[in-house]
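Worth knowing before you read on, the calculation uses all heavy atoms, side chains too, and leaves out hydrogens, waters and symmetry mates. Each chain gets a letter, A, B and so on, in the order its sequence line appears, and its residues count up from 1.
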Number of protein chains: 2
Amino acid sequence: MTQSLKAKEGKITQEIKTVAEAEQFDVQKLKELIADGKVVIPANPNHKNLKPCGIGKDLKIKINANIGTSPEDFEIEKELQKLEVCEKYGADAIMDLSIGGAPSSPCKGGDLDKFRQLILEKTSLPVGTVPIYQAFAESGGYIDFNIDTFLKVLQKHAEDGVDFVTIHSGITQASISLIEKRVTGVASRGGSFLVKWMKHHNQENPLLVHFDKILDVLLEYDVTISLGDGLRPGSLHDAGDEAQMAELKKLGELVLVSREKGVQAMVEGPGHVPFDQIPEQIRIAKEVCHGAPFYVLGPLVTDIAAGYDHIAGAIGGTLAAQCGADFLCYLTPAEHLRLPTLEDVREGIIASKIAAHAADIARKIPKVRERDDEMSRARKALDWSKQHSLCLDPEKFKKYRGEAKNKSDACSMCGDWCAMKDL
Amino acid sequence: MTQSLKAKEGKITQEIKTVAEAEQFDVQKLKELIADGKVVIPANPNHKNLKPCGIGKDLKIKINANIGTSPEDFEIEKELQKLEVCEKYGADAIMDLSIGGAPSSPCKGGDLDKFRQLILEKTSLPVGTVPIYQAFAESGGYIDFNIDTFLKVLQKHAEDGVDFVTIHSGITQASISLIEKRVTGVASRGGSFLVKWMKHHNQENPLLVHFDKILDVLLEYDVTISLGDGLRPGSLHDAGDEAQMAELKKLGELVLVSREKGVQAMVEGPGHVPFDQIPEQIRIAKEVCHGAPFYVLGPLVTDIAAGYDHIAGAIGGTLAAQCGADFLCYLTPAEHLRLPTLEDVREGIIASKIAAHAADIARKIPKVRERDDEMSRARKALDWSKQHSLCLDPEKFKKYRGEAKNKSDACSMCGDWCAMKDL
């Protein structure tokens, strides 16, 4: 029984109670939002130490941080350190995007199963995965991929306790034909595998054809489906094009199919989107997807910010969240350049937290601005210890303040000329 | 004769031509915007090597970077290195905010005149200053400050070739009485000096009383006035309050007085503003200030981002610029903590450039997105050398790419699994 099915029966689960308390949100209203599919609580009962977290309408904006190995960088220990950084700096969820080895050499440099299990054991945060990565790795590349391998991998992830999974069921042969006009073709890793398979075999998307079988697995373990946008725009040029919109329409249909079965569903969105197009994109996505929680990657408001994509993404993310997106996937300064380091992960999380918090303030979520007001009172009082405890990154605060030549009780920007003094 | 007076007479100056070419903007229309005060070109004829830059309606968003000594950190050499960073990473203007010494020990640690002259000699960027800092320093504190000292300092700045000056003439005894309800009182350094003086002497703001004398100096050297918001909100709590709005109204009146005299005028704005209040604040500011170019500091969309205020400011700045702000003052990661380092300056400039560029794209400024499209084509082609030349910070790009374990022609995030390959 999933959270959604229980809520439909009028039951208030322990998870619903916990989320309502954490959000200071009316528990009956929360239950209804979950029953309606407007809020999800990704909570696989097999994830034993999970602290449940709600994502969706009227709740605080949540942020996700991606970790995981790549074929060129696969130190599991380092990825586990990243997990610690994620927890320390306040990610609400993490995704293990490990691929670990080239398709020709599956799982090189790391046992994907073992790594996933380690993460689930260690963290109380909801954990998401993209099972198609492992399915392709185990198939030794895209050509020999088949749905049975996928379902077997999915089953393993679900049994292990994964709380949400990205499934790219919205790509169709019809939508593939629409990517020709694009500058950046397919920007999604999972999407690109599927498109290659579909083109090679000239068959329909197996994740769409066998969507029911996928839902059967998810239903059994209450794994939340995150309907992936395999055709998300990878550049401003491609934003909002026919391919993106065709896939979104299909994802909207699949939201209803998932809900009908009792599987909790959210939908993934772009990507790269010009700032002025964000409000309309979010409005359409929410409408087409029947109010399902919307999970965006950025969106990036320029393509030229390599090295600073966490900033370009925080700008787009704030506006998207104000307009109705519910869940922000972080971007790090390393995006488009390399696998992120620990420091990149920290920078990415803080940038996303700024976006989420700014949007929560803009959405007038009750009490959310109290921390800002307290910070401002501490700033006015030149109470550095209190400011330290209230800011998003106390370590950077301490480092910066420590490095300064502070001779007065103010900061080295103005010294005794500090405007906050006296007035 | 100022640019504005010449434009009113129908003259197309060399500066107007240069700006029109740089912006690929119709020169007649630009002349009219300058005549109407909707665009300014801060260009003091005594700033010999100046490359003129236009700020205002329908032009690209410009960014300003602050440099300058503080009483606790006054290595002139370091500030000159910051100037180089500003030029290298594409600031459109710089402000020398040097205070250099505590009020009790004027100009300690550096000759403010000499420093300003060095900057003006070295840079082709428009240079702004806040003459009241030096006036207070030379007065040995706020109590003995008087308008004659101020006018003498202002005259020196103008003679030296300063292109724009912040003048806090909008504070009045009436508006001071409105700050009692605030959390952060007066957040502007210049504003705080004046308010202290006004309270101590119980007299009206001398920069308002003697506004005509100030304009006389500015008119002679075509120094653009940047009407400072001494009562700008220093916290989300104080945003949009009566004190801010009372001062804004006064600044709007002073725009007309300045224009009447032929002095080019722009207006400074906040500060700290919740994301949802930004559109309305900009709309009101533009209306109350008769369409004068609007120069914002951030605005910061949260108070808790110390160490990351360049990000909180870039979020607010993008929305402000989309809504009509013309000029973004950068914030660095050091804001509220210490005088910025070279690295902080670089981070601050890039964050502001992302905001300005994203807003230009959103405003559909012709050709501005071409660089993004070219970057995306290079990204698709895995052309790393071209991406390097097109991104905002080629050095960080190179460092990040260089540090990665790149074994394929893609990046270490996905290696051979790169979605950009093949499709």
Separation between [atom1] of [X] and [atom2] of [Y], rounded to the nearest 0.5 Å:
X: Ser235(A); Y: Met420(B); atom1: OG; atom2: CE; result: 7.0 Å
X: Cys391(B); Y: Asp303(A); atom1: SG; atom2: CG; result: 12.5 Å
X: Leu392(A); Y: Ile304(B); atom1: CG; atom2: CD1; result: 4.0 Å

Nearest non-hydrogen partners of Trp417(A) and Tyr133(B), listed with the distance =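 In terms of heavy atoms, the two residues are closest at CH2-O, 3.3 Å.
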Minimal heavy-atom distance between Phe275(A) and Ala362(B), with the atoms involved, is CB-CB, 3.9 Å
Counting C-beta onward and ignoring hydrogens, is there a side-chain heavy-atom pair between [X] and [Y] closer than 4.5 Å?
X: Thr302(A); Y: Ile354(B); value: yes
X: Leu337(B); Y: Phe397(A); value: yes
X: Ser412(B); Y: Leu339(A); value: yes
X: Arg189(A); Y: Cys414(B); value: yes
X: His272(B); Y: Asp372(A); value: no

For chain A, find which of [options] contributes the most heavy-atom pairs closer than 4.5 angstrom.
options: Val183(B), Val301(B), Asp373(B), Ile361(B); result: Val183(B)
options: Leu390(B), Asp344(B), Ile278(B), Leu300(B); result: Asp344(B)
options: Gln322(B), Met375(B), Lys399(B), Arg369(B); result: Arg369(B)
options: His237(B), Arg182(B), Glu374(B), Arg363(B); result: His237(B)
options: Gly415(B), Pro394(B), Ser376(B), Gly185(B); result: Ser376(B)

Lys398(B), NZ atom: more than 12 neighbouring heavy atoms under 6.0 Å: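 12 or below, so no.
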Would you indicate whether Lys396(A), at its atom NZ, is surrounded by more than 12 heavy atoms from other residues, nucleotides or ligands within a distance under 6.0 Å?
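Buried by this count: over 12 neighbours within 6.0 Å.
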Could you list the donor-acceptor pairs under 3.5 angstrom formed between side-chain atoms of residues 306-320 of chain A and any protein atom two or more places apart in sequence or on another chain?
from: Tyr308(A); atom 1: OH; to: Asp393(B); atom 2: OD2; distance (Å): 2.5
from: Asp309(A); atom 1: OD2; to: His336(A); atom 2: ND1; distance (Å): 2.6
from: Thr318(A); atom 1: OG1; to: Ala314(A); atom 2: O; distance (Å): 2.7

Counting only non-hydrogen atoms closer than 4.5 Å, does [X] touch chain B with its backbone (N, CA, C, O), its side chain (CB onward), both, or neither?
X: Lys421(A); result: backbone
X: Asp238(A); result: neither
X: Thr184(A); result: both
X: His357(A); result: side chain
X: Ile350(A); result: side chain
X: Glu335(A); result: both
X: Arg379(A); result: side chain

Is it the side chain or the backbone of [X] that comes within 4.5 Å of chain A heavy atoms, both, or neither?
X: Arg371(B); value: both
X: Arg377(B); value: both
X: Pro333(B); value: both

One option among Gly191(A), Ala381(A), Ala358(A), Ala359(A) has the most heavy-atom pairs under 4.5 Å with chain B, and it is Ala358(A)
Ranking Ala305(A), Gly68(A), Ser192(A) by heavy-atom pairs under 4.5 Å to chain B gives rank one to Ser192(A)
